[in-house]
Q: 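There's a structure below that I have some questions on.
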Amino acid sequence: MIEKAQQWFREKGWQPFPFQEEAWESYLHDFHGLVNAPTGSGKTYSLAVPILLEFLQNHPAHHPKKPGLQAIWITPIRALAREIQISVQRACDAFDINWQVAIRTGDTSTAERARQKRNTPEFLITTPESMHLLLAQKDYENLFKNLKAVIADEWHELVGSKRGVQVELALSRFKTLCPKLKIWGISATIGNMDEALNVLMGNDYKADNVKVIKADIEKEIEIISILPDTMEKFPWGGHLGIILLEKVLPILYESKTTLIFTNTRSQAEIWYQRILQAAPDLAGVIAMHHGSISREVRDWVETALHDERLKAVVCTSSLDLGVDFRPVETIIQIGGPKGVSRFMQRAGRSGHRPGAKSKIYFVPTQALELLEASALRKAIEVNELEERIPFIRSFDVLSQYLVTLAVSGGFDPKIIYPEILSTFCYGSMSEDEWHWILNFITTGGSTLDAYDEFKKVEVERGIFKVTNRRTAMRHRLSIGTIVSDTMIEVKYLHGPRIGSIEEWFIASMNIGDVFWFAGRSLELVSIRGMSALVRRSKKKRGRFPSWQGGRLDLSSKLSALLRLKLSEVASGNPKDPELQSIIPLIEKQQEVSLVPSEEEFLIESIHTREGHHLFFYPFEGRNVHEGIAYLVAHRLSQIQRFSFSIAMNDYGFELLSDQEIPIEEALGMDLFATDDLFYDIQASINTNEMSRRRFRDIASIAGLVFQGYPGKYVSSKHLQSSSSLFYDVYREYEPNSLLLKEAFEEVMEFQLQETRLRNAMDRINNQKIILKHPENPTPFSFPILVERIRDRYTSEELKDRIKRMTLKLQKG
DNA sequence: GACCTGCTGCGGGATG
């Protein structure tokens, strides 16, 4: 059988990689598993081919006319489906198998859906969401009963998200429906490969029945940092990096095509604009691509890139994955990518062929980012990649899934319960919790049982099902785990959509105002419902929109290496060019304060017009810093009542108060102790507010809050207030609600990262704490000083504060 | 003296 595949490869002038052959063998010998291969290595064939071979093996003489759905290929991104379809179709033709290879995603037409229903495809490429929609169809058991294989492509992308949980749940169902099912994943390298396998297989797999197949395709990555000529003019703070524009332009000219990655959408807008200003001759051959630019415009950019019509594209993570861009020659990363995997993924977009070298230019936006460059170099050298932490006990996804099954015609809890327990996500679920969920979907739970709206599922002779058609339709509409903010669509007055910007940004503008978006100068003409109508403007000055997206957190792998690199510079003669260039800055820091060695922890106390500042430098990423900052503020306020304003970046944090802070005294009392850590976190950090924010998504996923019909306007304020209302109601009447607990656990695990926070505190405890009193802001403290996002912590009674403020006023 | 901020991904279907 395998000879057949080998022969096909030979005919095409290809050589099968060893990992492909290993995957074919393993698959045909009834293994499940994970193929660890980089994109562009022909990974699709590693699993599509054995699926076809097995079919041939079982039907050697003649192919049955309608074998039914044989294989599902899950992709996290719709745009990848087409490419996969082409590859699989090609393999089908080669083996003379007359299969229908179909795509079923959100943008599959109604006609095509109907066609697939009449005439079941044998091979289906779909997304986790669309797969669940299939599970919501009547008689879905029939559709899946002949299923032989499920492939979870780009599994590393899904494993750390609730979309991964959706895959786990669907697989648990398939395992019962089709006992001979084979489950395979395809994944890029991540730090917790074994766990990723575990999540995919579920708790009931047999270890001698699974395989991890590694493609031994070494990817060589060359990192070239763009260094400022002199450190003197290079900013200590900031994030834009425009100062190095002059050095970026020649790279664009020299290379046939370049992708310029930025960390935020507004940064992409600004860079695009500035490049055009500096090099007007690039007009027409440079484009922009980010998540808020309309699909149509992005499609155009992708095609143009593919056809080599563009010289450069300024983009965000929106081009991390996606269609193969073979022609891309050069990659530029502006600003610290904050994670090793992300950086490698981006670097890998160039030299996108097996064996080809990837080349990436790193453009620092502020001095300390040069450390990050050197840390990245090291990380790649020793192959230190981040882990993707799988979600566990996501009861919102579970309740959505159960309603999905109830919509399809009903489920029997006796059958479904053990299936759920077999998943990695819900392995630890207790029977009580299971009953809570069942109760939640049938009555709305003890809190909401007065409202019919939440009695979604009815029980008829032990079968849980949805009979109300409206409920069923609303549910189908809200399947999925991605919750987004309300966006206002930007549209030409008489023309196409350009993209979307956030409600609050539009609200801050007046009719006639000009803003830059998608690389164009636009004038706001009117606002109608969910659309902002615009026309092109000749004005060169305008605001740049910003979006309040997620923040990239400095990964723990990278932060550890960052600390290492810092001590390397501190200790004398570093090798890396980045570290050498940063020496003047480090010397300055040493001169006015201190560069801590690995055994030391630096605290700077500075007095300015603004007040009394304390700066701490754990180098642990901003989220962990936020946690430590509140803890420290809380512990300081045990000595005396305080109000602090808190700021942080990825390297350190600041406590600012208008009172003198008795830091020496505080250091004597174990400021960084980890005993009672959990208790202190509760006491100091407003985990309640954080949970409330998390709960918004959870309420949506669990179906408490309806996001609205497509195209119909539901303001984000409305969404927020209704989820907030639920949050309060639960807190008051049902504090043991699993959804509430879930919100809290997500805060601890993903935001404050309790373990990482604890480790950081332990580390600091073992270091020698050195307190310095510099006259002025130092190279380390300056960037934090200018951070604009500040939080407040106060332990003062309001009346004390007012008293002190009035005293001050009187004095002044 | 230094400061323009925060990623990505998905998404009815039965009946006229």
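In what follows, chains carry the letters A, B, and so on, assigned in the order in which the sequence lines appear, proteins first and then strands, with residues in each chain numbered from 1.
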Q: 5'-most contact on DNA chain B: A:K338 or A:P777, nearest heavy atom basis?
A: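 Final value for this comparison: A:P777.
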Q: Can you check whether any acceptor in the base of B:dG6 is under 3.5 Å from a donor in the side chain of A:R622, or vice versa?
A: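 Result: at least one qualifying N/O pair found.
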Q: Report which part of the nucleic acid A:Q548 touches: base, sugar-phosphate, or nothing (heavy-atom distance under 4.0 Å, all strands).
A: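 If one applies the 4.0 Å heavy-atom cut-off, A:Q548 turns out to touch the sugar-phosphate alone, with no base involved.
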Q: Any N or O donor-acceptor pair linking the side chain of A:S484 to the base of B:dC10 at under 3.5 Å?
A: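 Per atom types, the contact qualifies.
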Q: Is the distance from OP1 or OP2 of B:dA14 to the nearest side-chain N or O of A:R113 less than 4.0 Å?
A: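 Result: no.
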Q: Check the phosphate of B:dG11 against A:R295, side-chain N and O only, distance under 4.0 Å to OP1 or OP2. Yes or no?
A: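 Checking B:dG11 against A:R295, no side-chain N or O comes under 4.0 Å of OP1 or OP2.
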Q: Would you say the base of B:dC7 and the side-chain of A:T316 have a donor-acceptor pair closer than 3.5 Å?
A: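 By the distance-only test, no, there is no pair.
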Q: Is a side-chain N or O of A:W271 found less than 3.5 angstrom from the main chain of A:C315, in a donor-acceptor match?
A: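 Side chain of A:W271 to backbone of A:C315: no pair is present.
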Q: Under 4.0 Å between any heavy atoms, over every strand shown, what does A:E232 touch: base, sugar-phosphate, or nothing? Just pick one.
A: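 Base: the residue A:E232, judged by heavy atoms under 4.0 Å, touches a nucleobase.
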Q: Does B:dC4 have OP1 or OP2 under 4.0 Å away from a side-chain N or O of A:H239?
A: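 A:H239 to B:dC4 OP1/OP2: side-chain N or O found under 4.0 Å.
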Q: Who are the side-chain hydrogen bond (donor to acceptor under 3.5 Å, both in side chains) partners of A:K338, not counting sequence neighbours?
A: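 For A:K338, the residues satisfying side-chain hydrogen bond (donor to acceptor under 3.5 Å, both in side chains) (neighbours in sequence not counted) are A:E372, A:D650.
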Q: Measure across A:G410 and A:K465 and return the closest heavy-atom pair with its distance rounded to 0.1 Å.
A: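 Here A:G410 and A:K465 meet closest at CA-CB, 3.6 Å.
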Q: Would you say A:S130 places a side-chain N or O within less than 4.0 Å of OP1 or OP2 belonging to B:dG11?
A: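 The answer is yes; a side-chain N or O of A:S130 sits under 4.0 Å from OP1 or OP2.
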Q: Which pairs of donor and acceptor atoms, one on a side chain in residues 232-247 of chain A, lie under 3.5 Å apart (sequence neighbours left out)?
A:
{"from": "A:K247", "atom 1": "NZ", "to": "A:L227", "atom 2": "O", "distance (Å)": "3.4"}
{"from": "A:K247", "atom 1": "NZ", "to": "A:D229", "atom 2": "OD1", "distance (Å)": "2.7"}

Q: Any base atoms under 4.0 Å from A:H475, or only sugar-phosphate, or nothing? Heavy atoms, all strands.
A: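 If one applies the 4.0 Å heavy-atom cut-off, A:H475 turns out to touch nothing in the nucleic acid.
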